[in-house]
*Asks:* 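So that we are looking at the same thing, I have put the structure below in structure tokens.
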Amino acid sequence: MRNAVLPHLLYGSLTLGVYTALLHIYFHHNHESSGQKKTQQPTSIWALHKKLQLQINHSSGQIPRQHVRAKIPSTYETKEQRPSVRLGREFNYTDRELLHGFLNYGFNIIISKHLGSERHVPDTRNKMCLQKHYPIHLPTASVIICFHNEELNALLRTVSSVMNLTPHKILKEIILVDDMSDFGDLKEELDHHLENFRGKIKIIRNKKREGLIRARMIGAARASGDVLVFLDSHCEVNKVWLQPLLNAIAKNHKVVVCPIIDIINDMTLEYQPSPIVRGAFDWYLQFKWDNVFSYEMDGPEGPTGPIRSPAMAGGIFAINRHYFNEIGQYDKGMNLWGGENLELSLRIWMCGGQLVMLPCSRVGHLLRQRIMNQTEAVKAMNHNNLRLVHVWLDEYKEQFFLRRPHLKFIPYGNISERVELRKQLGCKSFQWYLDTVFPELEPVGGS
Ligand code: UDP
Ligand code: MN
């Protein structure tokens, strides 16, 4: 329904705005291809990743050389990739389908359709990762993928990459949670495609839109694997992606692990390697990627060892299923999208766990453009951040309100359950977190 109505509305009354948006995409894309620095404020946490990549590419070597993003060697180019690169460069940027795709999905759906439900992606791991061996007996994983109005081929590539690149012995199941999508092809047509993977896939259809935070909890409640692995619905996993994650959790069930997030370009859909970075944030509670200290890579495993990370980026991580329940899952009072990644990160560190990135596990994530009105998303993000601030930041909540004074008197719902959870788990103070995990977040002067 929305599918049919939206284009008319947009093409009719918003032509000017839409073309401005397309021009934005066009220049944004070309700007980046030419490798210049971008000054525009990014609109999503993943875009911040993009920004950091640019900074790193142009930085004077704060990141060890081998971790600076490199051009993918031509030997990696596969048949499946080449047409996409060509298409991306020769595009007619006023194409109606391209416009429709960007507005509805945030990326180039012509190339996505062209690539179809399956493709090979380059192995972006450090060569040292190829020498690593993992035990035959590892815990099993339930992979949880929530989606709301995802482009069908992007979703299918997420599923097929997991099916193709995960030993079936350790893949207990894939749980898809349809968060009340209203795009027609995500119903029977999706079911039809999933027939190929019968036996491994469960699909749950939410009766109302829950937002990704509650949708993930719904998926987790139906999971039976030892470990929960959360992915977005526009990812492509890389070779031997799951074993490092499961192995780390098998050794310590209180370790929560993230892969390195490679980039799938929104215009060309090229799969591009990311440098090794850690997750951080500022006093606005905006997530950002940060340089990794060289001593983090001085251990016996060198650049392939775990990297402690103050925060996780978003929806791509693995956690022991019992531990996820033990530490209180997610805050179900949070809405739609945003803030849940930082809330979980603080909870993990402050309540006795650890959060690490594993450089030998890589998962590609499609960096989407957001050009539609985001009022609802911003409202949800503020609501979620306020809940986080009032439960976890102690006296440092003033640092947030100094920067966001208008949020000080906005209601944020009842947080008593989450405050009680913090007490029951015997969690440490935010001061402890600053002293021990993230001393770079300095309280004065801002960031
Ligand atoms: N999602 C969802 N319900 C929502 C919003 C998002 O199920 O109300 C899904 C979405 O389809 C995606 C994941 O949650 O698979 C993360 O959302 P998104 O990719 O927009 O977040 P980002 O990557 O920008 O952090
Ligand atoms: Mn995403």
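Remember, it's 1-based here, ligands and their atoms both numbered in the order they're listed.
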*Asks:* The criterion is salt bridge (charged side-chain N to carboxylate O under 4.0 Å, His left out); which residues satisfy it with D331, sequence neighbours excluded?
*Replies:* R387
*Asks:* Would you mind listing which atoms of ligand 1 come within a distance below 4.0 Å of any non-hydrogen atom of L336?
*Replies:* 8 (O)
*Asks:* Work out whether the distance between some heavy atom of G211 and some atom of ligand 1 is less than 4.0 Å.
*Replies:* yes
*Asks:* Quick check: closest heavy atoms across I249 and V255, and the distance to 0.1 Å?
*Replies:* CG1-O, 3.5 Å
*Asks:* With nothing but distance in play, are any N or O atoms of C146 less than 3.5 Å from an N or O of ligand 1?
*Replies:* yes
*Asks:* Decide whether D178 and S181 meet the rule of one side-chain donor and one side-chain acceptor closer than 3.5 Å.
*Replies:* yes
*Asks:* Enumerate the atoms of ligand 1 whose separation from the nearest heavy atom of R209 is less than 4.0 angstrom.
*Replies:* 4 (C), 5 (C), 8 (O)
*Asks:* Do you know the tightest heavy-atom contact between L355 and I348?
*Replies:* N-CG2, 4.2 Å
*Asks:* Using a distance-only test with no angle check, is there a side-chain donor-acceptor pair under 3.5 angstrom linking E343 and W392?
*Replies:* yes
*Asks:* Counting heavy atoms only, which of I145, D178, D232 is nearest atom 13 (C) of ligand 1?
*Replies:* D232
*Asks:* Determine which of the N, O or S atoms in H234 is closest to the Mn ion (ligand 2) and give its atom name.
*Replies:* NE2
*Asks:* Minimum heavy-atom separation for E340 and R216, please, with both atom names.
*Replies:* OE2-NH1, 3.5 Å
*Asks:* Under 4.0 Å, counting heavy atoms only: does E210 come that close to any atom of ligand 1?
*Replies:* no
*Asks:* Under 4.0 Å from a heavy atom of F147: give me the atoms of ligand 1 that qualify, with their elements.
*Replies:* 7 (O), 11 (O)
*Asks:* Return the option from D179, N335, L366 holding the heavy atom at the smallest distance from atom 2 (C) of ligand 1.
*Replies:* D179
*Asks:* According to disulfide bond (SG atoms under 2.5 Å apart), who are the partners of C146, at least two apart in sequence or on a separate chain?
*Replies:* none
*Asks:* Going by the order shown, which atoms of ligand 1 are within less than 4.0 Å of some heavy atom of S233?
*Replies:* 11 (O), 12 (C), 15 (O)
*Asks:* Under 3.5 Å, N or O to N or O, is H365 touching ligand 1 that way?
*Replies:* yes
*Asks:* Would you mind telling me which of K113, E118, R119 makes a side chain to side chain contact (heavy atoms under 4.5 Å, CB included) with L115?
*Replies:* R119
*Asks:* Can you name the N, O or S atom of D232 that is closest to the Mn ion (ligand 2)?
*Replies:* OD2
